[in-house]
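These notes are about the structure you will find just below.
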There are 2 protein chains.
Amino acid sequence: MAERARRLRSRPAKEPLSLEAFTAAAFGLLEREGMEAVTLRRLAGELQTGPASLYAYVHDVQELHALLLDRALSAVDLHPASTDRPRDRLERICSSYLEVLLRHDGLARLAAGVLPFGENALALTEAVLECLRGMGLSRMRAAWGFDLLMLHVTAIAAEHDRRREQNDPIGRAHRGYVEAEAERFPQVHALNEELFSGTGTARFSWALDVVLTGISEAREPNN
Amino acid sequence: MAERARRLRSRPAKEPLSLEAFTAAAFGLLEREGMEAVTLRRLAGELQTGPASLYAYVHDVQELHALLLDRALSAVDLHPASTDRPRDRLERICSSYLEVLLRHDGLARLAAGVLPFGENALALTEAVLECLRGMGLSRMRAAWGFDLLMLHVTAIAAEHDRRREQNDPIGRAHRGYVEAEAERFPQVHALNEELFSGTGTARFSWALDVVLTGISEAREPNN
DNA sequence: ACCTGAACACCGTTCAAGT
DNA sequence: ACCTGAACACCGTTCAAGT
């Protein structure tokens, strides 16, 4: 990692981009045109070079995605000096994380498919663990609960993102299908109303409550 | 090349496959070579035709994915005549769902990116809702809880699938990085052991307990 | 009318050749 | 020695032309 940075710095080329400047260029593309525009070739065009040159910065496209995600995570508000109770701070952090993931088209789907690395992911982890421990949870509950919590918020964001892309925010197509199947699927039919009710924020708020309650009240985790 | 073209040309127009037979061919490809091999072009080759012909069966590649996922879901064991308590039956169903998603490379990642349609997804929904209602949960808890539960299991499966592809089942790379950051990220450092402990099944079992406990004990959902 | 080969507009990655 | 244009091996989708 430091090795690559040194190599880049000593490069005599006409455009000695730092890894940060490289990432910034990729992030600009994301902001202006969404994730689907962030390809190595498009980025190469942006940087006025051929696609082969980008392999000086990243080993493959997944590494570009990881860089981009961590760059985006710098915008998450961790409420570092919050005087809230830990649980309230945690809810604020999760909401900010969700908001950041939904800020650009395709970012949430990317987050659901990348193992988070880097400074900002680590800072987010630290803040969330701090809250969970501050809520009085055991080391084990905090650790495993962190995993579940982030997985959950990321998955919810990815589903929002997906529906947004398909212009089907309430799952209308699905709903129509379900309505026709009263005899064979009585439970689905009976709960059709509830299944598709609620705003995004109401559901997210409840989802957070479910996961946090579960982390606190479920049996002690044991490996 | 010209030889094959002449052979095709001299044949009468092929009778179209049923959608089922078409899906079965795609599923065979998935079984033999994993999701990454399931492309419209590969499938066209398998069916001895050009890629354009597949648009008689599906509107785009996402529809192919949806077809494939539902086909895979037919293998989920719903324990229809189970005499277990609803909660136990539900755990069995979720385990079977997880196992099916992990049976083929890339399927779980696909499931995390597709809105589930079709017969088998609906049958799974019906069974899960039946269990949740059988556990005495309100209509609203059952409906919103169903969403959360499936989202959760799917997300867990997708992460397993991803790690498996990258040959990093316990997140070794991540771990090494984290260990070096004791001063700036004390919580992460202190909980490093717990964060990476536990087998996949132990963590899945706890995750199920967390979500089910949360669904039961969290505040009543309201929209 | 229907099917499909060929074309179009892209991808990520590799490598030989030019500076 | 290093950078990168060009090539390679693919994608999904469209459309004109042939039977």
Side-chain angles (χ1 to χ4, degrees), chain A residues 3-19 21-23 25-26 29-30 33-68 105-106 109-110 113-114 162 165-166, chain B residues 1-19 21-23 25-26 29-30 33-68 105-106 109-110 113-114 162 165-166:
Chain A
E3 174 187 14
R4 182 185 9 257
R6 197 173 59 248
R7 201 178 67 230
L8 287 175
R9 224 175 290 122
S10 67
R11 219 155 51 101
K14 48 178 183 178
E15 273 185 80
L17 253 70
S18 67
L19 189 58
F22 172 78
T23 307
L29 207 47
L30 170 67
E33 308 192 42
M35 254 320 283
E36 109 241 61
V38 183
T39 69
L40 288 170
R41 291 184 101 97
R42 284 291 304 272
L43 187 51
E46 211 87 356
L47 298 172
Q48 317 241 56
T49 183
S53 304
L54 303 193
Y55 288 80
Y57 303 96
V58 290
H59 169 252
D60 58 21
V61 69
Q62 292 214 27
E63 204 171 305
L64 173 65
H65 289 164
L67 243 33
L68 214 45
D105 273 346
R109 271 166 292 161
L110 180 151
V114 160
R162 205 157 58 236
E165 192 209 20
Q166 295 173 12
Chain B
M1 202 59 40
E3 189 177 347
R4 193 180 92 96
R6 196 176 62 246
R7 198 185 64 222
L8 286 177
R9 221 178 293 120
S10 68
R11 253 201 269 169
K14 308 165 84 159
E15 73 281 25
L17 291 169
S18 69
L19 190 57
F22 172 79
T23 307
L29 208 45
L30 170 67
E33 308 191 44
M35 255 320 282
E36 110 240 62
V38 183
T39 68
L40 288 170
R41 290 184 102 97
R42 284 289 308 270
L43 186 53
E46 210 88 355
L47 297 172
Q48 317 240 52
T49 184
S53 304
L54 303 193
Y55 288 80
Y57 303 95
V58 290
H59 169 254
D60 57 23
V61 69
Q62 291 215 26
E63 204 171 305
L64 174 65
H65 290 164
L67 244 30
L68 214 44
D105 273 346
R109 270 166 294 162
L110 181 150
V114 159
R162 206 157 59 234
E165 193 210 20
Q166 294 172 12

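Every chain is numbered from 1 and lettered A, B, ... according to where its sequence line falls, protein lines coming before strand lines.
- In terms of heavy atoms, L19(B) sits closest to Y57(B) at CD1-O, 3.9 Å.
- A gap of 22 Å separates the P atoms of dC10(D) and dA9(C), to the nearest Å.
- The two residues L64(B) and V38(B) come nearest to each other via the heavy atoms CD2-CG1, 4.1 Å.
- When every heavy atom of R42(A) is checked against every heavy atom of T39(A), the shortest pair comes out as N-OG1, 3.0 Å.
- Here the shortest heavy-atom pairing between T23(A) and L68(A) reads O-CD1, 4.3 Å.
- At least one side-chain heavy atom of R109(B) sits less than 4.5 Å from a side-chain heavy atom of E165(B).
- What you find for G113(A) and R162(B) is that their closest heavy atoms are O-CD, 3.1 Å.
- For the C1' atoms, the distance from dA17(D) to dC2(C) is 12 Å, rounded to whole Å.
- In this structure, the CD atom of Q48(B) is 17 Å from the P atom of dC3(C), given to the nearest Å.
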Subject >> Secondary structure of DNA chain D in dot-bracket form (Watson-Crick or G-U wobble, distances below 3.5 Å, | marking inter-strand pairs) >> reply: ||.|||||...|||||.||
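- Here dC3(D) presents its P atom at 13 Å from CG of L17(A), a figure rounded to the nearest Å.
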Original post:
How does each nucleotide of nucleotides 7-19 of chain C score, in 5' to 3' order, for protein heavy atoms under 4.0 Å: base (B), sugar-phosphate only (S), or none (-)?
Top reply: B---BBBBB----
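- To the nearest 0.5 Å, atoms OG1 (T49(B)) and CG (L43(B)) are separated by 10.0 Å.
- Closest heavy-atom contact between M35(B) and L30(B): N-CD1, 3.5 Å.
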